[in-house]
Amino acid sequence: MNTLTQRKISLRVLLFVAAVTLIVYFLPRTDKDHYIYEVNRPWSYALLTAPFDIPVHLDSASMALVKDSIDMHFEPVYVRDLAAEKTLISDYTMRLNSTPGLNITPAQKNQIIKAIREVYDNGIVDRDTYQRIAAGNLPSVRFVHDNVAISMPTRNYLSAFRAYEHMDSVLRDRDVRAALTATRLSDMLQPNISLDTLTSKRLIDEAYQKAMAPIGVIQQGERIIDKGDIVNTRLATILDTYEEMIEDRGQGTISQHHYPVAGQILYMLILFGALYGYLFFFRPKYFDDDRTVVFLMSLVTVFTLFAFAMQATFRMGLYIAPFTMIPILVLVFLDSRTAYFVHLVEVLTCAIISAYPSEFIYLQFIAGVVAIDSLKDLTSRSQLIRTAAFIFVAYSLSYVSIEVMQTGTLNKMEGRTFGCFGINAILISFSYVLMFLVERVFGYTSRVTLVELSDTNSPLLRELSEECPGTFNHSMAVSNLASAAAQAIGANVQMVRTGALYHDIGKIKNPAFFTENQHGINPHDSLDPIQSSRVVTGHVRDGLAMAEKAKLPEKIREFITEHHGAGKARYFYNTYCNLHPGEEVDPAPFTYPGPNPQSKETSLLMMADAVEAASRSLKEHTPEAISGLVNKIIDGQIAEGLHNESPISFRDVQAVKESFIQRLRTMYHSRISYPELKK
């Protein structure tokens with residue numbers, strides 16, 4: 001690896017410190033120390049014994065049943081308002097006597113007053129109470145007199161509306177009914193029996209307290225729970241009581257089970273140190289690239305903080321957070337090995353806030369491996385949907401395996417866990433949006449983008465095919481030739497294929513000055529070699545300008561600038577030398593702007609470009625001629641030093657030669673002549 005400058009070292013140290021600081025600072029913390037556990041799951045801490053006597057209460061389910069039973073059989077306390085009865089009867093009697101036009105006798109008046117006394121003697125209650133009575137939910141109520149509770153049936157109680165209906169049905173005389181309407185008795189009837197809210201609440205609270213009294217006690221020093229025990233509802237209730245008592249007594253016996261801040265810092269230093277070590281020793285090119293280091297550290301930090309937020313917001317937030325987005329993004333822009341390592345660092349980072357770290361790591365490990373394996377070569381967005389489905393299945397099967405292994409049954413699995421996995425899979429399917437953002441922010445180029453750019457209907461390629469049909473055919477041939485060689489040496493096939501299609505777009509500016517586009521007239525005949533060389537070598541600068549205008553990715557621009565490297569326009573250089581024998585010729589006017597190939601992919605393009613163009617000049621395409629041509633051109637480029645800056649090896653070069661020879665022999669295979677039909 002090249003020696004890092006002081007600026008590079010400072011950037012990496014700053015990223016390291018910033019990532020550790022942010023993650024440790026935002027680690028979820030609660031107001032008080034407590035154990036993290038779930039009912040029907042194993043206890044993940046060491047043996048816990050009672051430091052003092054702990055009362056044993058009913059569990060929440062049993063408490064709910066007891067409360068429901070108390071509520072069902074509880075008789076609320078009501079009070080009877082005798083004064084209201086007398087006042088209403090007195091007021092109505094006065095209204096009955098003072099209302100003019102009533103055609104009733106004194107006996108009928110007494111009959112009305114008697115009916116009113118009867119309904120009040122039976123009892124008039126409010127509408128809500130009457131509905132409960134009618135539904136059969138309140139068969140009796142209590143009245144308290146001199147601290148003695150007396151239970152009374154409610155079957156004769158009526159609401160004010162029902163009491164008026166009853167009187168209307170009992171008093172059958174037409175004149176009496178008319179008198180009831182004229183005196184508006186329905187407006188005057190009011191309940192005389194009402195709920196005593198305070199007394200009822202006091203009595204039901206006393207019933208609750210009596211029913212919820214401790215049913216036992218765990219004595220000091222007695223075992224509460226040990227590691228691996230299943231936390232049932234009874235133990236969960238005991239643990240809640242234990243933590244409440246710990247908090248009330250101000251003791252800190254639980255804090256020993258939590259990482260202190262110093263431990264958290266050391267934990268993160270080790271994890272990120274391992275990541276830096278991996279990049280330094282096994283991916284030095286990535287570690288030397290500021291953009292890649294910023295991308296990886298930002299990705300891990302942002303996703304970690306997002307996972308913390310999800311866990312703080314939702315009970316099962318860690319299983320909703322789409323952790324597999326990290327290996328997907330790293331795989332698309334870097335490689336699978338780095339994707340796996342970064343995913344592992346992320347999972348171990350977030351495991352410290354999980355209630356069950358080992359289960360969390362297992363689930364995320366399986367999901368990450370499935371994500372990487374299913375996206376070996378991403379070429380379309382639909383593959384993300386398929387990968388999301390695979391990840392959902394991986395999560396589900398892993399969860400089932402853990403449950404069966406720990407509980408021995410499927411009955412205790414929670415449906416909401418599968419719901420979390422489903423939400424996770426939906427979020428993963430939107431990874432394409434993040435790919436787009438990463439491409440724009442960090443300047444990476446994904447395989448999906450390369451596939452889209454290789455569409456021959458794209459604006460630049462369509463213009464190339466219309467303005468320079470010969471160059472377009474040449475580019476297609478070079479693309480096929482180079483991509484086959486890339487497959488042979490394990491280079492980026494899609495990158496080579498796409499870069500080869502665009503490498504000569506600069507020829508659109510002057511198509512007639514290039515042999516493949518000429519039709520008998522050669523404009524170079526009227527130019528001197530230096531002018532001709534300037535036009536020919538200029539297609540690199542013109543192509544770069546067109547690529548920048550079309551906003552082609554930087555990787556594609558590298559194919560345009562490096563496919564000739566710093567080589568010479570050999571035809572015009574040799575012509576000029578032959579016209580000026582004995583003169584020392586300056587090679588600069590005949591040299592392409594370069595630089596030389598910096599990657600295996602651009603080296604392949606340089607070789608394929610030269611070999612494909614030269615193969616058209618062969619008079620005979622015999623295996624020997626093709627083999628000799630390929631070896632001559634590639635060996636000449638190597639001797640000239642054009643591939644010295646590329647990581648391509650001699651073994652790769654040999655494989656490239658064999659691939660070119662095989663492909664050219666296929667392209668120029670001999671055909672048999674068809675016999676003429678004799679008449």
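Nothing here was measured: the structure is a model prediction, and the numbers come from that model.
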Side-chain heavy atoms of [X] within contact of [Y], under 4.5 Å:
| X | Y | answer |
| --- | --- | --- |
| Leu138 | Tyr157 | no |
| Ile366 | Val369 | no |
| Asp196 | Arg142 | no |
| Glu346 | Gln364 | no |
| Ser401 | Tyr362 | yes |
| Leu189 | Tyr120 | yes |
| Thr304 | Cys350 | yes |
| Ile112 | Leu171 | yes |

- Message: For Arg117, I'd like to know if atom CZ has over 12 heavy atoms of other residues, nucleotides or ligands within 6.0 Å.
- Response: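 Atom CZ in Arg117 is not packed in, count stays at 12 or less.
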- Message: Is there a side-chain contact (heavy atoms from CB on, under 4.5 Å) between Asn424 and Ile428? Walk through the geometry before answering.
- Response: CA-CA 6 Å; Asn424 192 311; Ile428 291 167; 3.0 Å; yes
[X] and [Y]: which non-hydrogen atoms are nearest, and at how many Å?
| X | Y | value |
| --- | --- | --- |
| Tyr92 | Ala179 | OH-O, 4.2 Å |
| Leu329 | Met435 | CD2-CG, 3.8 Å |
| Thr324 | Gly368 | CG2-N, 3.8 Å |
| Pro51 | Tyr242 | CD-CE1, 3.4 Å |
| Leu331 | Arg447 | O-NH1, 3.8 Å |
| Val176 | Gln111 | CG2-OE1, 4.5 Å |

- Query: In terms of side-chain geometry, is the basic nitrogen of Lys201 or Asp205 positioned less than 4.0 Å from the acidic oxygen of its partner?
  - Reply: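 Between Asp205 and Lys201 there is a salt bridge, with a charged N closer than 4.0 Å to a carboxylate O.
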- Message: Less than 4.0 angstrom from a charged side-chain N to a carboxylate O is my criterion; do Arg202 and Glu206 meet it?
- Response: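 Salt bridge: yes.
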- Quick one: do Asn192 and Arg80 satisfy side-chain contact (heavy atoms from CB on, under 4.5 Å)? Show the steps, please. CA-CA 6 Å; Asn192 66 326; Arg80 185 163 190 158; 3.5 Å; yes
[X] side chain to [Y] backbone, donor-acceptor under 3.5 Å:
| X | Y | answer |
| --- | --- | --- |
| Gln311 | Phe308 | no |
| Tyr130 | Ile124 | no |
| Ser429 | Ile426 | yes |
| Asn97 | Thr93 | yes |
| Arg127 | Ser159 | no |
| Ser90 | Lys86 | no |
| Ser200 | Val77 | yes |
| His166 | Ala115 | no |

- When the ring planes of Tyr319 and Phe421 are compared, do they come out parallel, tilted or perpendicular, using 30° and 60° as the limits?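 It falls in the perpendicular class, over 60°.
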- Which is it for Met72 and Asp68 under the side-chain contact (heavy atoms from CB on, under 4.5 Å) test, yes or no, and what are the steps along the way? CA-CA 6 Å; Met72 183 179 299; Asp68 289 343; 5.9 Å; no
- Query: When Phe323 is tested against each of Phe360, Phe365, Tyr395, Phe303 for ring pair (Phe, Tyr, Trp, His ring centres under 6.0 Å), which residue passes?
  - Reply: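 So the option named by the test is Phe360.
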About how many Å separate [atom2] of [Y] and [atom1] of [X], when rounded to the nearest 0.5 Å?
| X | Y | atom1 | atom2 | result |
| --- | --- | --- | --- | --- |
| Ile133 | Asp128 | CD1 | CG | 11.0 Å |
| Ile320 | Ile423 | CD1 | CD1 | 4.5 Å |
| Ile402 | Leu363 | CD1 | CG | 4.5 Å |
| Leu299 | Met325 | CG | CE | 10.5 Å |
| Thr154 | Asn122 | OG1 | CG | 12.0 Å |
| Ile89 | Leu96 | CD1 | CG | 12.5 Å |

- Message: Between Phe442 and Phe295 (judged by ring centroids, cut-off 6.0 Å), do the two rings come close enough to count as a pair?
- Response: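 Ring centres of Phe295 and Phe442 closer than 6.0 Å.
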- Message: Looking only at side-chain N and O atoms, does Ser374 offer a donor or acceptor that is under 3.5 Å from a partner on Thr387?
- Response: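 There is such a pair between these side chains.
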- Message: Under a plain distance cut-off of 3.5 Å, with no hydrogens placed, do Asp71 and Tyr208 share a side-chain donor-acceptor pair?
- Response: yes
- Message: Apply side-chain contact (heavy atoms from CB on, under 4.5 Å) to residues Val125 and Leu195 and explain how you reach the verdict.
- Response: CA-CA 9 Å; Val125 295; Leu195 177 66; over 6 Å; no
